[in-house]
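What follows is one structure encoded as structure tokens, with my remarks underneath.
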There are 2 protein chains.
Amino acid sequence: MSEMLEEIREKLSSVGLKATQQRMVVYQALMQTMNQHPTAERIFEVVRPHNPTISLGTVYKTLDTFVSNGLAGKVASDAGFMRYDVNMEQHSHIYCTNTQEIIDYHDEGLDELIQQYFQKKNIKNLKISNIHVQINGLKEEPDQDIEIK
Amino acid sequence: MSEMLEEIREKLSSVGLKATQQRMVVYQALMQTMNQHPTAERIFEVVRPHNPTISLGTVYKTLDTFVSNGLAGKVASDAGFMRYDVNMEQHSHIYCTNTQEIIDYHDEGLDELIQQYFQKKNIKNLKISNIHVQINGLKEEPDQDIEIK
DNA sequence: ATCGCTGCAAAGGTTTTGCAACGAG
DNA sequence: CTCGTTGCAAAACCTTTGCAGCGAT
């Protein structure tokens, strides 16, 4: 079977976690639904059909385990529930007001620009760990993707 | 008494809302605690002593009314509850990892810089409505304020 | 064999809702 | 007077917790 399973297994053991069935499938589901920035419930829906005995509580626990071990991120959505993200690289988000999508946006040029801006500014008593840009907007053609050149 | 009450009354009627006692005091509390980005519960605590009959449910309803009428903003905190903000000008937030504070940060230079950056970039199918910068960091001296020159 | 993980169900905390009584315009 | 607003309590919602049994190392 795919070497992806092996990769996940390694990822888990690299942070000292047992490679249980549940963790394997939750991690896979996170990867599959990465661009949806899924909720715990969503992961549960994805995983359940092929793993009928997994419980929602376990999904929550598993996701939190990933977060504490740096394998995933967790962000509060404005609708009041949590969304998870396996994309651990520095990146920003584009929120589509009309389609409700959250699109990952990685742009080194922008990151550098902002870093430099703050270096020039003289900020006392704040050690900046990271900066996150949230772009709100709407798709003019909801059915089509956003193109960035 | 202060002309502030009159200002609030006007603000309410300008969006077509009745100036009830409860709305008046909730709005005042929002202003008083502006820099704390209060939760509904916090507003309730502030308001309750002087208004012993107001209920938490009313605070929630009132805050939501303000949000739908553009009188306040609502943001999900990473701890899983909502925080409210009467500062309706375009502004960014500094999150202090150690003190849990959320500090308003308004910087036209930064806003312009980012606007220009995106104008130069050629983005198709996205109409940007606004951009919000979230700066995460920690205070080196938790007891003292952050200074930005 | 051990110790951590899972599943279940119950509890927790925040926010919403339904409805009768109230009050601002 | 009228219709929107309030207060209360119950419900809804998402997430966490406790614990007995299970399973990965």
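The side chain of B:Ser55 lies closest to D:dG7 when the candidates are D:dG7, C:dA24, D:dT16. Here the side chain of A:Leu17 is nearest to one of C:dC5, C:dG23, C:dT16, namely C:dC5. Checking D:dG23, C:dA24, C:dT15 against every side-chain atom of B:Ala40, the shortest atom distance belongs to C:dT15. The side chain of A:Thr62 has C:dT6 as its nearest neighbour among D:dT16, C:dT6, C:dC5.
Atom P of nucleotide C:dG7 and atom CG of A:Leu56 are separated by 11 Å, given to the nearest angstrom. Between B:Lys18 atom NZ and D:dC1 atom C1' the separation is 11 Å, expressed in whole Å. Taking atom CD1 of residue A:Ile54 and atom P of nucleotide C:dC8, one finds them 11 Å apart after rounding to whole Å. Remark: P of C:dG13 and CG of B:Asp78 are 20 Å apart, rounded to the nearest angstrom. Put simply, CG on B:Asp64 is 14 Å from C1' on D:dT5, counting in whole angstrom units. At whole-Å resolution of the value, CZ in B:Phe66 and P in D:dT5 are 11 Å apart. Atom pair B:Lys74:NZ and C:dT14:C1' shows a separation of 11 Å (rounding to whole Å applied). Rounded to whole angstrom, the span from the CZ atom of B:Phe44 across to the C1' atom of D:dT6 amounts to 13 Å.
OP1 or OP2 of D:dG7 lies within a sub-4.0 Å distance of a side-chain N or O belonging to B:Gln22. Residue B:Thr20 places none of its side-chain N or O atoms closer than 4.0 Å to OP1 or OP2 of C:dG23.
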Apply side-chain contact (heavy atoms from CB on, under 4.5 Å) to the pair A:Asn35 and A:Asp104, showing each step before the final yes or no. CA-CA 7 Å; A:Asn35 57 342; A:Asp104 281 351; over 6 Å; no
Stepwise, does the side-chain contact (heavy atoms from CB on, under 4.5 Å) test hold for A:Leu110 with B:Tyr117? CA-CA 8 Å; A:Leu110 178 62; B:Tyr117 181 83; 3.7 Å; yes
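With salt bridges taken as basic N to acidic carboxylate O contacts below 4.0 Å, one links B:Asp64 and B:Lys74.
Of the two residues near DNA chain C, B:Arg9 and B:Glu41, the one whose nearest nucleotide lies more 5' is B:Glu41. Between B:Arg23 and B:Pro52, the one whose closest nucleotide on DNA chain D sits nearer the 5' end is B:Arg23. Between B:Tyr84 and B:Ala19, it is B:Tyr84 whose nearest contact on DNA chain C lies nearer the 5' terminus.
When heavy atoms are screened at a 4.0 angstrom cut-off, A:Thr58 is found touching base atoms of the nucleic acid. Within the 4.0 angstrom heavy-atom criterion, only backbone atoms of the sugar-phosphate kind lie near B:Thr53; the bases stay farther away. Within 4.0 Å (heavy atoms only), B:Tyr60 reaches at least one base atom of the nucleic acid.
Residues A:Thr65 and A:Thr62 bring no donor and acceptor atom of their side chains to less than 3.5 Å of each other.
Side-chain atoms of B:Lys61 come within donor-acceptor range of the base of D:dG7, with a qualifying N/O pair under 3.5 Å.
For the pair B:Thr33 (side chain) and B:Gln36 (backbone), a donor-acceptor distance under 3.5 Å is absent.
The distance between the ring centers of B:His93 and B:His132 falls below 6.0 angstrom.
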